[in-house]
Amino acid sequence: MKIKVLGSSAGGGFPQWNCNCRNCDGVRRGTLKATRRTQSSIAISTNGDDWLLVNASPDLLTQIAAHPELQPARRARDSGIAAVLVMDAQIDHVTGLLMLRERDTPLPLYATDAVWQDLSSGFPVGPILSHYCGVEHRRIALDDAPLAVAPLPDVQIDALPLSSKAPPYSPHRNAPERGDNIGLMITDLKSGKRVFYAPGLGAIESHVLAAMREADLLLVDGTLWTGDEMIRLGLSKKSAADMGHLPQSGPGGMIEVLDSLGTGRSRKVLIHINNTNPILVEDGPERRVLTEHGIEVAYDGMNFEL
Ligand code: MLT
Ligand code: MN
Ligand code: ZN
């Protein structure tokens, strides 16, 4: 199984168009040792031609252009993106669906009922696309039955309900529903290797920790270093908890959680990194702390083979 990180940034990207925080300004001017990143998405394939896109980023067209493997060019109109799975209905994970409208067949879209509801109401990408290629909603039921995804014949996907947040435009923003956010356990049935992917993780519940313990590769929420990062910088009124993200540092933070899994068993990688996060500074003290704990930071174009 091949996994490709198309976008390793949180919503906004890095640098964010209107942001002059130390990181965004520094990467723009070239005065900081840091690398640009597009918004959150990965792609999975077993044969290298047919890909499941997991989350459809606002930067999808740039990501496709950066990865020629996603265009196998078998017909006059073609794409390697055979289907899409979305893990929540946030702008950074669903806006790219609109960019796929030129398809000549309906888009197979794997989503929970809660997310599909949002995509039929608060952010009506389903109704909009019905005027173009159309969407074929394939239900992620959260009933413990593993999901077989058409373009990935030898892969099993198990979706885990997570406590995080529905987007601000969701009809159930303030009344969370099971399935607003999911994590994925992706198993290659041939190699037996497992990947746990959760770009938005607000709390480590016991079923989440159990999944993390079983994974060979962890791709987990790296949004913010501290809970009040955006507030302290004067950039937002929202804390990590308000946004449904667990910070990395401090008691109960992601570093502590990943440490508790021990060393040697799994590869630990942070993904969905917000542009304010000091771990983006490649020679900075926070990045050094991660390295000391055996934790990597995902970048656009990072590849895994399991
Ligand atoms: C989030 O996960 O909280 C998002 O990245 C926020 C956004 O896209 O605005
Ligand atoms: Mn996000
Ligand atoms: Zn910034």
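Order of appearance sets the numbers: ligands from 1, and atoms from 1 within every ligand. Counting begins at 1 with the first residue of the sequence.
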Heavy atoms only: give me the nearest Ala56-Leu97 pair and the separation to one decimal. CB-N, 3.5 Å
Checking side-chain contact (heavy atoms from CB on, under 4.5 Å) between Leu218 and each of Arg265, Lys268, Arg267, Arg213, which is the one that passes? Lys268
Identify the residue among Met243, Met254, His272 that makes a side-chain contact (heavy atoms from CB on, under 4.5 Å) with Leu224. Met243
Would the number of heavy atoms belonging to other residues, nucleotides or ligands and lying under 6.0 Å from CZ of Arg75 be above 12? yes
Chi angles and distances behind the salt bridge (charged side-chain N to carboxylate O under 4.0 Å, His left out) call for Lys190, Asp154: CA-CA 7 Å; Lys190 284 196 169 149; Asp154 299 311; 3.3 Å; yes
Pairs in or reaching into residues 167-188: which pass salt bridge (charged side-chain N to carboxylate O under 4.0 Å, His left out), with residues at least two apart or in two chains? none
Among N, O or S atoms, Asp92 approaches the Mn ion (ligand 2) most closely through OD2
Are Ile81 and Ile64 side-chain neighbours, meaning at least one heavy-atom pair lies under 4.5 Å? yes
Is the shortest heavy-atom distance from the side chain of Leu53 to the side chain of Ser41 under 4.5 Å? yes
In terms of side-chain geometry, is the basic nitrogen of Asp283 or Arg288 positioned less than 4.0 Å from the acidic oxygen of its partner? no
Counting backbone and side chain alike, does His93 bring an N/O/S atom below 2.8 Å of the Mn ion (ligand 2)? no
Sequence neighbours excluded, the answer for salt bridge (charged side-chain N to carboxylate O under 4.0 Å, His left out) partners of Arg74 is Asp50, Asp78
Show the distances, to 0.1 Å, for all pairs joining an N/O atom of ligand 1 and a protein N/O atom that are shorter than 3.5 Å, listing one pair per line.
residue, atom, partner, partner atom, Å
ligand 1, 2 (O), His245, NE2, 2.9
ligand 1, 2 (O), His272, NE2, 3.2
ligand 1, 3 (O), His245, NE2, 3.0
ligand 1, 5 (O), Gly11, N, 2.9
ligand 1, 5 (O), Asp92, OD2, 2.9
ligand 1, 5 (O), His272, NE2, 3.4

Distance below 2.8 Å from the Zn ion (ligand 3): protein N/O/S atoms: Cys19 SG, Cys21 SG, Cys24 SG, Asn275 OD1
